[in-house]
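These notes concern the structure reproduced below.
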Amino acid sequence: MTSQKAVSATDQPHTSRKNYWIYFLISLVIFLLMLIFMNQWFWVSMPFMLTFLVMALGYM
């Protein structure tokens, strides 16, 4: 019987937070465009924008 080592945060590959800021800005533009032109569907892009913001700030 083998035991598996728990995966810690230090074992995860490090992704640059600069990439997350770029993804956040792209999703912000998409969010604003959807808010202007398809205002009944703007909430579809909101989870992406907020997730990338939290990741760029380093809280997740």
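Throughout, numbering of the chain's residues begins at 1 and tracks the sequence.
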Determine all donor-acceptor pairs shorter than 3.5 Å in which one atom belongs to a side chain in residues 45-53; sequence neighbours excluded.
{"residue": "S45", "atom": "OG", "partner": "F42", "partner atom": "O", "Å": "3.0"}
{"residue": "T51", "atom": "OG1", "partner": "P47", "partner atom": "O", "Å": "2.6"}

Sequence neighbours excluded and cut-off under 3.5 Å, please list the side-chain donor-acceptor pairs for residues 24-39, or say none.
{"residue": "S27", "atom": "OG", "partner": "Y23", "partner atom": "O", "Å": "3.0"}
{"residue": "S27", "atom": "OG", "partner": "F24", "partner atom": "O", "Å": "2.9"}

key: Over all atoms of both residues, closest heavy-atom pair of M55 and M60   = CG-CE, 3.6 Å
